[in-house]
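What follows is a set of notes on a single structure, which appears directly below.
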Amino acid sequence: MKLKFMPLLLILVSGFASHAQKKKKDVPPNIILIMVDDMGYSDLGSYGSEIHTPNLDKLAYEGIRFREFYNNSICAPTRASLITGQYPHKAGVGYFDINLGLPPYQGYLNKESLTFGEVLKQAGYSTFLSGKWHVGNDKSGWPNQRGFDQFYGIIGGASNYFNTDSIPLGRQYPVNLIENNEKLHPKPDSYYLTDEITNHAVKFIDDQNNTGKPFFLYLAYTAPHWPLQALPEDIAKYKGLYDKGWDEIRAKRLARQKESGLLDARQSVAERDADVPAWKHLTYGEQQLWKSKMEVYAAMLDRVDQGVGKLLETLKRLKKDENTLIVFISDNGAPAEDVEHWGGKAGINTGPVGTSGSFESQGKNWSFVSNAPFRSFKSFAYEGGISSPFIAWFPKKIKAGGLVKGTAHLIDLAPTFYELADTKYPAVYNGIQTNPLPGKSLTGLLFEGKELEREQPIFWERAGNRAVRKGKWKLVSIFPSYQWQLYDLETDRGETQNLATRFPSVVDDLAALYFKWANENGVVDYDKIKPATPLLPTNKKN
């Protein structure tokens with residue numbers, strides 16, 4: 001009798017096992033979105049850099065890298081697009097986190113544009129944010145009020161890394177730390193901010209471990225945004241590495257990009273920026289100052305990478321690594337800002353570069369290296385301002401070693417994450433009709449190797465700088481000029497050959513699409529809305 005019933009028993013056991021396996025596969029993945037601040041395209045090892053980033057490089061080589069991923073050229077508009085999946089004007093942050101008097105420029109996220117936190121929380125996710133917010137200063141619009149279960153970090157756009165009273169301009173950029181709507185009052189010199197951002201992210205995941213729910217973590221590092229401040233042990237790793245200057249470092253990065261296939265041999269490289277002097281023409285004292293800046297900048301990124309390593313160790317310890325998607329991006333290109341001379345006043349440093357008394361920035365000279373092989377800098381619509389590395393890692397789901405064209409934008413991440421979470425973006429939320437998502441899901445590209453097909457171009461406008469990307473063509477104009485330039489990005493991502501006069505019909509077609517998009521998104525000519533004083537101490541040349 002036992003033998004007679006054995007086949008039936010095996011069928012039942014097999015059926016239960018199959019059902020259990022199916023249920024296991026259907027568990028939504030954890031999602032970690034890592035964003036760094038003011039990091040250039042070539043600053044990771046996997047994108048050509050000499051900076052030690054083994055953990056991020058591990059994600060790149062075990063996952064997929066995009067050659068072409070776009071942000072919005074500057075902090076707040078990028079974060080508005082990222083968090084909501086909307087173009088920044090549609091989300092209410094068309095200029096920055098300041099109110100210019102019109103809804104597309106109100107300086108904080110509107111309620112028609114839902115955040116990752118709001119959508120994924122409804123889908124059963126625990127939702128966390130550790131790091132920088134920068135899409136609204138009023139408490140009614142802080143992370144905990146916009147769908148995030150746990151928040152630790154800063155609300156504004158910049159901060160010192162050491163909480164000490166000796167920091168110059170401390171009243172302007174103090175460490176105003178918030179945790180779940182409450183301001184923290186840490187003891188002076190008690191931490192380094194990058195480590196605290198990592199530590200809180202790890203704590204959020206640890207505390208959530210036994211809930212049975214998937215989690216979404218937005219890990220928004222402030223590094224390597226100025227002021228250049230790092231831990232001595234990290235700075236020590238880079239002593240002497242930059243003694244030969246930016247000319248040689250940039251040449252080596254370009255060579256690595258070509259060797260790895262990141263930079264196609266057909267592609268142009270941006271011409272030398274007119275404001276960047278040859279290293280050999282600097283005095284000895286100037287060279288000592290400049291090399292120390294890059295040593296600290298590298299150390300700041302090194303510490304971010306160490307944090308990513310700690311995060312990976314946590315996932316493995318909790319046995320969540322194989323069901324977690326990690327995406328890494330930067331909010332804009334490296335900047336041309338000279339904050340030590342903010343407002344024309346020099347000498348505000350009270351200590352060497354890298355210490356808590358330092359208020360230095362990387363500067364245009366090194367940012368030109370960081371943005372290699374592209375033209376221009378943060379806040380501009382050239383490739384150097386809007387291009388970011390893009391890394392996606394998901395063990396056994398994303399094929400290792402992928403290097404693809406990509407041509408994706410911030411607006412594509414929300415539909416990607418919502419598809420993975422098996423949830424729909426609601427048409428109505430709390431009685432308010434929401435803005436529909438304009439982006440495209442990247443799941444086909446990431447998991448199946450399918451090409452990303454876009455029906456609509458990608459658009460930009462920020463402080464009068466405008467651009468359209470459709471296929472190989474990019475149309476761009478840089479304020480205060482409204483003259484269009486046209487580039488063929490198949491062979492000229494360095495934007496060295498303006499083809500506008502050769503292809504006037506292409507210019508007309510793309511311009512018409514731009515103005516239609518601008519009208520639909522409430523874009524206003526910058527001349528009519530610009531604030532009385534400039535937002536950032538940027539060099540106007542590009």
Return each pair, listed once, that meets ring pair (Phe, Tyr, Trp, His ring centres under 6.0 Å) where at least one residue sits in residues 297-331; pairs must be two or more places apart or across chains.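 For residues 297-331: none.
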Of the non-hydrogen atoms in [X] and [Y], which two are nearest, and what is the gap between them?
X      : Y      : result
Pro227 : Ser159 : CD-O, 3.5 Å
Pro28  : Pro214 : O-CB, 3.8 Å
Asn144 : Asn181 : OD1-N, 3.5 Å
Val308 : Tyr221 : N-OH, 4.1 Å
Phe151 : Gly131 : CE1-O, 3.7 Å
Gly157 : His225 : O-NE2, 4.0 Å

Interatomic spacing from [atom1] in [X] to [atom2] in [Y] - rounded to 0.5 Å:
X      : Y      : atom1 : atom2 : result
Ile249 : Ser370 : CD1   : OG    : 11.0 Å
Ser367 : Met294 : OG    : CE    : 8.5 Å
Leu289 : Lys291 : CG    : NZ    : 10.0 Å
Ser46  : Asp57  : OG    : CG    : 4.0 Å
Leu228 : Gln362 : CG    : CD    : 7.5 Å
Ser130 : Tyr218 : OG    : OH    : 11.0 Å

State, yes or no, whether a side-chain contact exists between Trp393 and Leu312 at a heavy-atom distance under 4.5 Å.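 They are in side-chain contact.
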Parallel, tilted or perpendicular: ring planes of [X] versus [Y], cut at 30 and 60 degrees:
X      : Y      : value
Tyr242 : Trp366 : perpendicular
His200 : Phe204 : perpendicular
Phe148 : Trp133 : perpendicular
Trp246 : Trp279 : perpendicular

More than 12 foreign heavy atoms under 6.0 Å from [atom1] of [X]: is that the case here?
X      : atom1 : answer
Asp422 : CG    : no
Lys203 : NZ    : no
Lys244 : NZ    : no
Lys111 : NZ    : no
Lys316 : NZ    : no

Side chains of [X] and [Y]: donor-acceptor distance under 3.5 Å anywhere?
X      : Y      : result
Ser73  : Asn332 : no
Asp302 : Gln306 : yes
Glu383 : Tyr70  : yes
Thr211 : Gln208 : yes
Asn72  : Thr78  : no
Ser358 : Gln229 : no
Glu112 : Thr434 : no
Asp321 : Thr324 : no

Who are the ring pair (Phe, Tyr, Trp, His ring centres under 6.0 Å) partners of [X], not counting sequence neighbours?
X      : value
Phe374 : Tyr41
Tyr429 : none
Tyr105 : His89
Tyr238 : none

Partner set under side chain to side chain contact (heavy atoms under 4.5 Å, CB included) for [X], not counting sequence neighbours:
X      : value
Ser42  : Arg253, Gln257, Ala372
Pro186 : Asn163, Leu177, Leu184, Ser190, Tyr191
Asp305 : Thr53, Pro54, Asn55, Leu56
Glu182 : none

[X] and [Y] ion-paired at < 4.0 Å:
X      : Y      : result
Arg303 : Asp234 : yes
Arg317 : Glu313 : no
Lys252 : Glu50  : no

List the steps and the verdict of side chain to side chain contact (heavy atoms under 4.5 Å, CB included) for Lys310 and Asn199. CA-CA 9 Å; Lys310 189 172 183 178; Asn199 293 341; 2.6 Å; yes
Considering residues at least two apart in sequence or located in another chain, which fulfil the side chain to side chain donor-acceptor pair (under 3.5 Å) criterion with Glu68?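 Here the qualifying residues are Thr407, Arg469.
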Pairing residues for Asp331 by the side chain to side chain donor-acceptor pair (under 3.5 Å) criterion, not counting sequence neighbours: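 With neighbours one apart ignored, the set is Arg79.
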Worked verdict on Val327 versus Thr416 for side chain to side chain contact (heavy atoms under 4.5 Å, CB included): CA-CA 11 Å; Val327 170; Thr416 303; over 6 Å; no
Residue pairs passing the salt bridge (Lys or Arg N to Asp or Glu O under 4.0 Å) test where at least one lies in residues 137-146, sequence neighbours excluded: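 Sorted pair list: Glu118-Arg146.
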Trp226 vs Lys293, side chain to side chain contact (heavy atoms under 4.5 Å, CB included): CA-CA, chis, key distance, verdict: CA-CA 11 Å; Trp226 49 260; Lys293 288 187 181 187; over 6 Å; no
Does the pair Tyr108 and His134 meet the rule for a ring pair (Phe, Tyr, Trp, His ring centres under 6.0 Å), with working shown? CA-CA 8 Å; Tyr108 58 91; His134 205 199; over 10 Å; no
Do Ile32 and Leu315 pass the side chain to side chain contact (heavy atoms under 4.5 Å, CB included) test, and can you show the C-alpha distance, the side-chain angles, and the key distance before you say yes or no? CA-CA 11 Å; Ile32 298 176; Leu315 293 175; 3.9 Å; yes
Donor-acceptor contact below 3.5 Å, side chain Trp460 vs main chain Asn71: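 Side chain of Trp460 to backbone of Asn71, a donor-acceptor pair under 3.5 Å: yes, one is there.
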Checking Arg65 against Phe390: charged group under 6.0 Å from the ring centre and within 45 degrees of the axis?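 The answer is no; the distance or angle limit is not met.
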